[in-house]
Amino acid sequence: MSENGVPTVVQPETDEELMVQVAHGSHAAFARLFDRYQVSVSRFAYRFVGNRARAEEAAQEVFLKLYQSAGTYRPRAKFRTYLFRVAANHCLNEVRRGEYRMKPAQEPERPAPLDALSSPGERPDEALHAKQLEQAVSQALQAMTERERAAFALCRFEGLSYREVAEALSASESAVKSLIHRATLALAKKLDALEAAGPAARSEA
Amino acid sequence: MSCTYECELTALMDGELDDLARHKVETHLGACAECQETTRRLGRSVAKLSALPAFEPSADLRRQVLTRLPDGRPGGWFVRRRWAHLGWALPAAAAIAYFMLVPAARSPDFKEPAQYLLASNLEVVEDYEFLGLEEPDDLEVVAHLHELEVTP
């Protein structure tokens, strides 16, 4: 409360301020950062690895790496970019480890039942369309190269600018522009094919 | 055959071109039907992403992360150094680890195929953008890089 009785507005701490506290061992500050970014990091991981269980494992590891690396974080770097750099590095390594270990062929993740995807009041045809769209987007993502997928997910799902994506991926902005264009065009072709297949063919998907 | 301006269209749509580049591409768009159609396709596909169901992590993720936090200040050997930006440091670290972990490698005479393959893969690592090589498991990744080779 200020001197004249007017309530003082307390500005929320910035991500960078919280990260400095984390560097000094504050679990409370880390929990606040986690709450701010758990959806973003989990969503990025899901769009990148294409599997919910693996995505949550990856998200856990990303946040733990974030904590462990807090001592090297410099506040001049935008926190969100730093966080997604950690996330992108981890997910890229996760995919590469999965490839070289030559795991037995796995069934692609089965799409969730229609009733699990539908919102209250959503019509069955809308739920079907949402399911088909999700499948098409997932297939398009998995067909991309790893770097295209990472750049696309950071830009389209997490809203990073091309410059921020470039910093997260340690790439040039020119390279990022190319990655995002190829990825977006690939998605457009996939969705156009879905549209062209017609309702009958889509219902068999 | 794609138009030479095609690679600029997504950046134009995303508002990522500077004024000069934007003017050039917009001028071109006025005269190129192919790029106009591509722009429409790109815009439609990006717009459809907003119809995807929202992603929600499991309710247990928070507990799982917070209970795994170590006590005390962050630090230890997991603290990142800027090795990823020093191209020589990654293969050098892998090579040092290799020669320490594989006694036979101290001799130049590779009798085991696995040793030869590892040495070959270390050369690949020098040219391969390998971000985040910071854990012991990463050396195992290097040792098995040859398994990614496509055989006709």
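All chains are named by letter (A, B, ...) in the order of the sequence lines, taking the proteins before the strands, and each is independently numbered beginning at 1. This is a predicted model, so every value here is computed, not measured.
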Please report the interatomic distance [atom1]([X]) to [atom2]([Y]), rounded to the nearest 0.5 Å.
{"X": "B:Thr10", "Y": "A:Phe152", "atom1": "OG1", "atom2": "CZ", "answer": "9.5 Å"}
{"X": "B:Arg62", "Y": "A:Phe63", "atom1": "CZ", "atom2": "CZ", "answer": "11.0 Å"}
{"X": "A:Gln38", "Y": "B:Ser58", "atom1": "CD", "atom2": "OG", "answer": "8.5 Å"}
{"X": "B:Leu52", "Y": "A:Arg47", "atom1": "CG", "atom2": "CZ", "answer": "5.0 Å"}

Item to check | Contacting region of B:Arg44 [heavy-atom separation from chain A under 4.5 Å] | outcome: side chain
Checklist entry - At a heavy-atom separation under 4.5 Å, does B:Thr38 approach chain A through its side chain, its backbone, both, or neither? => result side chain
Quick check on [X] against chain B: is it the side chain, the backbone, both or neither that has a heavy atom closer than 4.5 Å?
{"X": "A:Lys190", "result": "neither"}
{"X": "A:Ser26", "result": "neither"}
{"X": "A:Phe34", "result": "side chain"}
{"X": "A:Ala23", "result": "backbone"}
{"X": "A:Phe44", "result": "neither"}
{"X": "A:Val39", "result": "both"}

Item to check | Test log, rule side chain to side chain contact (heavy atoms under 4.5 Å, CB included), inputs B:Glu16 and A:Arg163 | outcome: CA-CA 9 Å; B:Glu16 292 279 357; A:Arg163 174 171 294 185; 6.0 Å; no
Next on the checklist: Below 4.5 Å, heavy-atom pairs only: which of B:Asp60, B:Val46, B:Asp14 has the largest tally toward chain A?
Outcome noted: B:Asp14
Item to check | Toward chain B: residues of residues 174-183 of chain A with heavy atoms under 4.5 Å | outcome: A:Lys177, A:Ile180, A:His181
Item to check | Distance-minimising heavy-atom pair for A:Arg52 and B:Phe55 | outcome: NH2-CE1, 3.3 Å
Checklist entry - How would you list, in number order, the residues of residues 64-71 of chain B that have a heavy atom less than 4.5 Å from chain A? => result B:Gln64, B:Val65, B:Leu66, B:Arg68, B:Leu69, B:Pro70, B:Asp71
Checklist entry - Based on non-hydrogen pairs under 4.5 Å, which of A:Leu185, A:Leu191, A:Leu133, A:Val41 is most in contact with chain B? => result A:Leu133
